[in-house]
Amino acid sequence: MRQTKDMRAYIKIAGVILCLVWSMSSFAQDRIKQIETQLTSMTTEVPGLEEKVQMSVSGVSIQEFMRGIADAHKLNISVDPTIEQNIVNNFANATVSDVLLFVCKEYNLKINFIGSIMSIVKYEVPEPIKIATPKRELSISYNKGKDELTLDLKNDSLDAVVKVITQKSKKNVVLAAGVAPKMVSVYIENMPFENALEKLGVANDLLIRKTDDNFYVIENAGNLVDNKSPNGKKKNNRNNAGNANNRNQNGTGGGDLVLNAKSASDISVNGTDVSIDEVIKEVAAAVGLDYFFVSEVKDKATINLQSTTFTELLDNMFQGTDLTYDYDKGVYVIGERKTEGLRMTKVIQLQHRSVETVNEYIPADIKQNVEVKEFLDLNSLILSGSEPRIKEIEQFIKTIDKVVPVVLIEVMIVDYTNNRTNNVGIEAGLGTEPATTSGTVFPEPNLSLSSASINNLIESFNGYGILNLGKVTPNFYMNISALETQGILRVKSTPKLATLNGHEATMTIGNTEYYVQETFNTVSNTSTQTTNTRTFQSVNADLSVTVKPMVSGDDQITLEISVSQSDFTARIEPGAPPGNISRDFTSFIRVKDQEMILLGGLEEKSVSESGRGVPFLSRIPVIKWLFSSRSREKKKSKLNIFIKPTVIY
């Protein structure tokens, strides 16, 4: 019976609305018809209305457009200055009346006629007639004999429900202070009065308690006081217990949600495997927050938060999901990070380091779904993507955008060489022409005696005893040498290198020599031809020092040092490539700032001895010095490197 009455009421309302829509449409048509009739009646007095219009406009205000028509056709037209409308049209062979009708209909305008003056103003749509919605009769019945209550409520006002229950049961049911007006829904059939009220509260997040004077008081479920249930039993209304909490067992996707929301800054939520969208709806409804979902939310979460804020609740629930939110003009916009309206673009400028390599060090996990581009002109990164990921990247960049130490490295290279050579002996022979007596006696005896000097020396010996030595030929010569040379060579190089912390500094000093390489090519055709190609090949001998500093927090410096030195040796024959000898070492050390260290000790020793003389006589002790010539060389070289690092900013 009740459903039939409701259906009739809805049909009546729908009919009224259709009538209003039809009347408004008819009124709009009547408005254009009235303007057309009025313009037609003015044609005899204002012939300009029948003249043809040739006009093409684009982006011209309606005031300028009407002024042009009025001037061209001698009309009196006034346009409301508050109309902000630009016209884009092309009129050809249309009468002025048709143009005025088109503009009024297209841009929702009307014309007020005062004699021959036409005033164009905005058309205000008449307000529709308000028809009061018939009140819906509440389906509430009470059986006094059995003390049973039946409720069939569907989005009905709580105030009206309480009033009808009180009237029919004659039992006082009142709303406690602070209970916000709300709509309630429930279906209960023939249930004891107090149990029916309790289920009404459970279904609509309310608490029903009975006072000592037999009043039934309806309160919000969040009250944290001990009260009695309608059946007279004691009930504890603490968080997460009993009807004092908002429990939604079916609407949260499989988990029980226990909610105690006093305000947007004091929310307690507990639930296992609950739907995130349902949690947001429940909390927002409880504390009166506006929200908007821009995409479907299917994620679930397990929550146990006490006395948190709504923003912190969203942050915790959205961790590990693709969801995010934005707070704009009092509304929480919620959806997937990639959704339009939740994306953002931000420019992050680095202060202390170059942007060229920063992108390589940002972890791939936090760059997911974020586009990162380098903008070298501003030493900046351009980030585009979800706001939480961009904030995470920005925080990471702040942690690495620090002042990078510059390390000044002073290098002193000392190559010490000690060389000693002894040349002793007598050399005699026949030359191509007579020799002359010459040479030095001190400090290095090195004499060359001519045949005349030798004959004089022989004459001085003749006459003593029975030995007569005779004379030598004019081309005879004799060289007497007793020479010892010693040399010490110190080569010093003191370069200064500077590099950023963690980057290598390299110094190379080199020497290049060339040798000839010949290639013979034989080509046999009708005749045999041989071509000789000579090319000059290069050989390098370098001294290379590479230092990589790492500055720690206590200004200790770890140095990775590599040294490579190569030198040329004698060629085995003319035109052959020079020989090469190299010395290398690598070292890892830790020193204090401005502390000098010594590396090296690469020592090379060589001893060479050679001689020539008369067979057998050159091996007899003492007299061997008269019948031989000997050379002995001892050489020792040592490479030392001094390094002093200094941290500068």
Side-chain angles (χ1 to χ4, degrees), residues 2 6 135-142 148-169 171-211 215-225 227-231 233 235-253 255-263 267-271 274-275 277-291:
R2 177 188 170 188
D6 292 343
K135 293 184 179 179
R136 177 173 175 269
E137 183 179 354
L138 298 178
S139 178
I140 300 175
S141 62
Y142 176 69
E148 293 179 346
L149 185 64
T150 299
L151 302 174
D152 185 6
L153 307 177
K154 186 176 182 181
N155 203 25
D156 293 314
S157 170
L158 179 62
D159 294 338
V161 170
V162 169
K163 182 177 180 181
V164 173
I165 292 176
T166 301
Q167 290 175 346
K168 292 191 175 183
S169 66
K171 296 182 181 181
N172 293 311
V173 182
V174 297
L175 298 178
V179 178
K182 63 183 302 183
M183 311 304 287
V184 295
S185 299
V186 74
Y187 180 80
I188 299 173
E189 185 174 356
N190 298 330
M191 181 175 285
F193 182 83
E194 292 185 352
N195 291 340
L197 287 183
E198 183 177 359
K199 298 305 184 231
L200 172 65
V202 171
N204 296 277
D205 304 332
L206 299 171
L207 171 66
I208 315 297
R209 65 183 179 88
K210 186 177 182 180
T211 64
F215 273 77
Y216 295 91
V217 181
I218 300 178
E219 299 177 325
N220 285 324
N223 293 339
L224 301 178
V225 294
N227 298 301
K228 292 182 179 180
S229 63
N231 57 17
K233 296 182 180 180
K235 178 172 285 188
N236 188 356
N237 297 319
R238 295 178 302 170
N239 288 344
N240 305 332
N243 290 328
N245 300 295
N246 177 12
R247 292 182 179 269
N248 187 341
Q249 297 181 352
N250 299 316
T252 55
D256 291 343
L257 174 66
V258 180
L259 169 66
N260 178 22
K262 296 181 180 179
S263 65
I267 301 171
S268 297
V269 184
N270 183 280
V274 294
S275 297
D277 60 338
E278 293 295 337
V279 175
I280 295 173
K281 293 175 183 178
E282 296 287 344
V283 175
V287 300
L289 294 176
D290 296 330
Y291 64 92

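Computed over heavy atoms, backbone and side chain alike; hydrogens, waters and symmetry mates excluded.
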Straight-line distance of [X] [atom1] to [Y] [atom2], nearest 0.5 Å:
X	Y	atom1	atom2	result
Ile140	Leu153	CD1	CG	5.0 Å
Leu206	Glu198	CG	CD	12.5 Å
Lys210	Leu197	NZ	CG	10.5 Å
Ile280	Glu282	CD1	CD	11.5 Å
Asn195	Lys199	CG	NZ	6.5 Å

Margin query: Is it true that Asn190 and Thr150 share a donor-acceptor pair across their side chains at a distance under 3.5 Å?
Written below: yes
Heavy-atom closest contact ([X] atom, [Y] atom, distance):
X	Y	answer
Leu149	Ser141	CD1-O, 3.4 Å
Val162	Val173	CG1-O, 2.8 Å
Ser185	Asn204	N-OD1, 3.0 Å
Ala261	Val287	CB-CG1, 3.6 Å
Ala286	Leu259	CB-CD2, 4.3 Å
Ile188	Leu200	CD1-N, 4.1 Å

Next item on the list: Using side-chain contact (heavy atoms from CB on, under 4.5 Å) as the criterion, list what pairs up with Lys171, not counting sequence neighbours.
Entry: Tyr142, Asp147, Ser169, Phe193, Tyr216
Checklist line | With Met183 via side-chain contact (heavy atoms from CB on, under 4.5 Å) - residues at least two apart | finding: Asn155, Ser157
Next item on the list: Report yes if some heavy atom in the side chain of Leu138 is under 4.5 Å from a heavy atom in the side chain of Val161; otherwise report no.
Entry: yes
Check: Given side chains that start at C-beta, do those of Tyr291 and Lys281 come closer than 4.5 Å, heavy atoms only?
Finding: yes
